[in-house]
2 protein chains.
Amino acid sequence: MRLSDAIEQFIKTMLVEEAQEIELKRNELAEYFGCAPSQINYVLSTRFTPDHGYIIESRRGGGGCIRIFRMEQSSANQLLYMMNQRIGESIDEHSAGHLIVQLLERGYVTKDEARLMQSAISPQALSLPVTTEMKDALRAKILRSMLLEVARKDKNS
Amino acid sequence: MRLSDAIEQFIKTMLVEEAQEIELKRNELAEYFGCAPSQINYVLSTRFTPDHGYIIESRRGGGGCIRIFRMEQSSANQLLYMMNQRIGESIDEHSAGHLIVQLLERGYVTKDEARLMQSAISPQALSLPVTTEMKDALRAKILRSMLLEVARKDKNS
DNA sequence: CTTTCATTGGTCAAAGATGGTCTAACCATC
DNA sequence: GATGGTTAGACCATCTTTGACCAATGAAAG
């Protein structure tokens with residue numbers, strides 16, 4: 001298994017078992033996994049971004065540490081509203097994928113629904129002879145349209 | 001026997017004995033057969049396409065790999081395949097909607113899934129400054145992509 | 001107080017590890 | 001020998017891991 005995945009799992013397990021907020025020492029964690037400290041930053045920046053539903057805080061110096069928060073929504077509508085904002089007029093494939101995974105993790109869509117959404121904005125679906133910018137803009141529209149549908153469903157249930 | 005056929009057989013044997021889903025390393029497999037890594041891609045692209053009933057996923061970089069999913073040859077998928085043919089390179093909104101309703105009525109997708117699909121190819125989702133022909137072509141791609149996902153869901157959950 | 005220094009974490013670029021694409025040469029079949 | 005599938009190889013794209021160097025913080029020393 002990839003080191004990054006192991007570290008990601010480790011942190012996520014802590015987040016589930018401990019609380020919605022954990023605190024860790026970068027160097028200790030790096031030593032635990034026998035890797036370079038910057039590896040921790042790599043994992044955080046690729047798997048614990050706001051798009052993934054996390055917030056990171058840190059402090060340097062003696063007694064410094066890294067804090068990770070799982071973002072909490074007061075309501076489904078709030079999350080969907082924020083995602084709508086996040087999508088904006090343009091969104092790349094990876095970011096869009098992260099948002100969809102969040103919808104799944106938070107239980108707003110089923111696994112099959114998440115896969116359908118992914119497939120609708122996949123490279124194959126959007127394989128057009130246009131610029132990346134145009135594809136990102138189109139992806140934003142499609143995703144927003146689907147997000148609206150998710151919101152509608154949520155209301156009726 | 002041709003190299004390509006040998007590799008094809010090897011993979012198919014794995015898929016039968018192991019499971020409906022296997023994971024392999026391109027370089028390892030190439031080394032095993034003493035051939036160029038790109039040969040693996042050749043085999044995959046000529047013998048493991050969706051039309052052949054397979055779906056390929058892959059990931060680059062350290063720890064990267066290729067995953068192959070086998071779709072069952074069911075009557076349901078026969079129909080999905082026909083629908084795929086029906087879609088072709090272009091489909092108008094009305095026909096697409098009709099097709100999705102069919103999927104729902106035949107029980108291949110849930111009501112929510114059908115709605116998601118509709119929303120992904122709705123006029124809002126495809127509100128672009130292009131000709132109707134281009135939209136129909138794009139709609140076909142999106143719909144085909146989602147249809148493939150429906151076919152896959154049928155057994156690989 | 002200010003300076004210094006040990007202790008943390010952050011950034012960035014290079015190297016490493018995979019897989020993808022494209023094309024020319026090869027080969028088999030007709 | 002014309003055609004079309006096969007194979008190898010050069011070059012590309014992406015993801016991971018490490019390491020050198022930078023920045024911030026707090027405590028100890030002056």
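A, B, ... follow the sequence lines: proteins, then strands. Residue 1 opens every chain.
At a threshold of 4.0 angstrom between heavy atoms, the contacts of A:Ile66 are confined to the sugar-phosphate backbone, with no base atom among them.
Residues B:Arg59 and A:Arg2 meet the side-chain proximity criterion, which asks for heavy atoms closer than 4.5 Å.
Taking side-chain N and O atoms only, B:Arg47 has a distance below 4.0 Å to OP1 or OP2 of D:dT6. Residue B:Ser38 has no polar side-chain atom (N or O) positioned under 4.0 Å from OP1 or OP2 of D:dT7. Considering only side-chain N and O atoms, B:Lys25 lies under 4.0 angstrom from the phosphate OP1 or OP2 of C:dT18. When the side-chain nitrogen and oxygen atoms of B:Asn41 are compared with OP1 and OP2 of C:dG20, one or more of them lie within a distance under 4.0 Å.
One cannot find a donor-acceptor pair under 3.5 Å joining the base of C:dG9 and the side-chain atoms of A:Ser58. Side-chain to base pairing of B:Arg60 with C:dG20: no donor and acceptor N or O lie closer than 3.5 Å to each other.
With hydrogens and angles left out, the side-chain atoms of A:His52 and A:Thr49 include a donor and acceptor closer than 3.5 Å.
Across every non-hydrogen atom of B:Gln118 and B:Gly97, the tightest pair is NE2-O, 3.4 Å.
Here the options are A:Val16, A:Ile66, A:Ile68, the test is side-chain contact (heavy atoms from CB on, under 4.5 Å), and the partner is A:Ile22; only A:Ile68 passes.
Ion pairing between a basic and an acidic side chain is recognised when a charged N comes within 4.0 Å of a carboxylate O; B:Asp92 and B:Arg139 show no such pairing. Using a cut-off of 4.0 Å between Lys/Arg side-chain N and Asp/Glu carboxylate O, A:Arg115 and B:Glu57 are scored as not salt-bridged.
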Polar-atom pairs under 3.5 Å, protein N or O versus N or O of nucleotides 28-30 of chain C: list them with distances, or write none.
none

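Comparing C:dG20, D:dT18, D:dT17 by their closest approach to the side chain of A:Ser4 singles out D:dT17.
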